[in-house]
Amino acid sequence: MNNQMHELLYHYDEEGNEGYDLNEVQLLGKIDLDRVEKLKLLLCNDDQYIAYQAMLILLAWAIPEGFKQLDRFISEKWDEKESFEPHRLHNEDNVYDVITNALYISTLNGKTEQELYRYIEYFLKIYGDQFFESNLKDFLLKKNCRPLLKEIEEASQRALRNKRYYQASQLFPVLVYYDQDTFNKYRDIFSHLISEDNRIAYNIEEAEKSISEI
């Protein structure tokens, strides 16, 4: 990667503090239009990882070309060709969870959650097969995703069938947040799975807290 690419993807300067971090670039308050044009060019880079990183920034900034690239990323199944976000602890690619975070940031730059539903629906459809850490869960809780309640429940059920027990439990607080009747429906199922992964207990506690706040 040459210096110009490195500057485009990673350099930020907020309040006089200079640094290099792609996530900080996504969160820049002032978007440089010249930088946007140069990032668009990177979408065609022969290195798919560079094109992917440019996409993450353009998505976060709510630039249309970023979403067109995401459509291509999904339709061409880039995730099956290489690992873009290898998880630091688990031997899985967290790419769609990282993309979800970029989509969330885009709502701070003018996108509505309704405009993003089709992407969230797709992520929920693959939730039982793909690894997701926590960004999708956060999106579902922080944005109004009640219209996707059926898809959320189906995603949790698919994760259960695929023995992704903790990942399935991540959606338990989301289900209860939108429909408190689901608490009794799934409480015993997840309680019995704590022996498989004790982190499930935290999601049960979160769901219980959600009930108490309703």
Determine whether the side chains of [X] and [Y] contain a donor N or O and an acceptor N or O closer than 3.5 Å.
X: Tyr52; Y: Glu85; answer: yes
X: Ser169; Y: Asn203; answer: yes
X: Glu153; Y: Ser156; answer: no
X: Tyr10; Y: Glu24; answer: no
X: Asp79; Y: Tyr96; answer: yes

What's the shortest heavy-atom distance between [X] and [Y], and which atoms?
X: Leu59; Y: Ser106; answer: O-CB, 3.1 Å
X: Lys40; Y: Glu65; answer: CE-OE1, 3.3 Å
X: Asp97; Y: Glu133; answer: OD2-N, 3.2 Å
X: Leu39; Y: Leu8; answer: CD2-O, 3.9 Å
X: Met55; Y: Gly66; answer: CG-O, 3.6 Å
X: Ser210; Y: Pro173; answer: OG-O, 4.5 Å

Check: [Y] and [X] side chains under 4.5 Å, non-hydrogen atoms:
X: Glu7; Y: Gln4; answer: no
X: Leu9; Y: Leu56; answer: no
X: Gln53; Y: Tyr49; answer: yes
X: Leu58; Y: Phe67; answer: no
X: Val36; Y: Ile31; answer: yes
X: Asp138; Y: Tyr104; answer: no
X: Leu28; Y: Ile57; answer: no
X: His6; Y: His11; answer: no

Cation over ring face, Lys137 and Phe132, 6.0 Å, 45°: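 Output no; distance or angle outside limits.
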Should the pair Arg146 and Tyr178 be classed as cation-pi, given the thresholds of under 6.0 Å to the six-membered ring centre and 45° from the axis?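 Ring-cation test returns no.
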Spatial distance of atom [atom1] ([X]) from atom [atom2] ([Y]) [nearest 0.5 Å]:
X: Ile200; Y: Ile194; atom1: CD1; atom2: CD1; result: 7.0 Å
X: Arg199; Y: Gln167; atom1: CZ; atom2: CD; result: 9.5 Å
X: Gln69; Y: Phe73; atom1: CD; atom2: CZ; result: 9.0 Å
X: Asn144; Y: Glu113; atom1: CG; atom2: CD; result: 5.5 Å
X: Tyr177; Y: Ile152; atom1: OH; atom2: CD1; result: 11.0 Å
X: Ile189; Y: Gln157; atom1: CD1; atom2: CD; result: 8.0 Å

Determine whether the aromatic ring centres of residues Phe183 and Phe172 are separated by less than 6.0 angstrom.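 Yes, the ring centres sit under 6.0 Å apart.
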I'd like to know whether the aromatic ring centres of Tyr12 and Tyr20 sit less than 6.0 Å apart in this structure.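 Ring centres of Tyr20 and Tyr12 not closer than 6.0 Å.
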If you count every heavy atom of other residues, nucleotides or ligands that lies below 6.0 Å from Tyr202 atom OH, does the total exceed 12?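 Open.
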Determine whether more than 12 heavy atoms belonging to other residues, nucleotides or ligands lie under 6.0 Å from atom NZ of Lys150.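 No, NZ of Lys150 has 12 or fewer neighbouring heavy atoms, counting only those of other groups under 6.0 Å.
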Do [X] and [Y] belong together in a cluster built from hydrophobic side chains that touch within less than 4.5 Å?
X: Leu148; Y: Ile74; value: yes
X: Ile63; Y: Leu41; value: no
X: Phe131; Y: Leu124; value: no

Apply side-chain contact (heavy atoms from CB on, under 4.5 Å) to Trp61 and Arg35, showing your working. CA-CA 11 Å; Trp61 291 355; Arg35 189 174 190 172; 3.9 Å; yes
Would you say the side-chain atoms of Asn109 pair up with the backbone N or O of Ala62, donor to acceptor, closer than 3.5 Å?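 Answer holds: no.
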Any donor-acceptor N/O pair, Glu115 side chain to Thr112 backbone, under 3.5 Å: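 Yes; judged by distance alone, with no hydrogens or angles, the pair exists.
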Can you check side-chain contact (heavy atoms from CB on, under 4.5 Å) on Asp71 and Tyr119, steps first, answer last? CA-CA 9 Å; Asp71 291 336; Tyr119 298 113; 2.9 Å; yes
Kindly determine whether Lys185 and Asp181 satisfy salt bridge (charged side-chain N to carboxylate O under 4.0 Å, His left out), including the steps that lead there. CA-CA 7 Å; Lys185 182 177 180 180; Asp181 291 338; over 6 Å; no
Start with the C-alpha distance between Leu27 and Asn23, add both sets of side-chain angles, then the distance that settles side-chain contact (heavy atoms from CB on, under 4.5 Å), and finish with yes or no. CA-CA 6 Å; Leu27 294 168; Asn23 188 244; 3.7 Å; yes
Please test Leu171 against Leu140 for side-chain contact (heavy atoms from CB on, under 4.5 Å), starting from the C-alpha separation and ending with a verdict. CA-CA 9 Å; Leu171 296 183; Leu140 295 170; 3.8 Å; yes
For Glu92 and Arg164: C-alpha separation, side-chain torsions, deciding distance, then whether salt bridge (charged side-chain N to carboxylate O under 4.0 Å, His left out) applies. CA-CA 12 Å; Glu92 296 196 79; Arg164 290 181 177 269; 2.8 Å; yes
Knowing that exactly one of Val95, Asn94, Ile99 qualifies, which makes a side-chain contact (heavy atoms from CB on, under 4.5 Å) with Phe84?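 Considering Val95, Asn94, Ile99, a side-chain contact (heavy atoms from CB on, under 4.5 Å) with Phe84 is found only for Val95.
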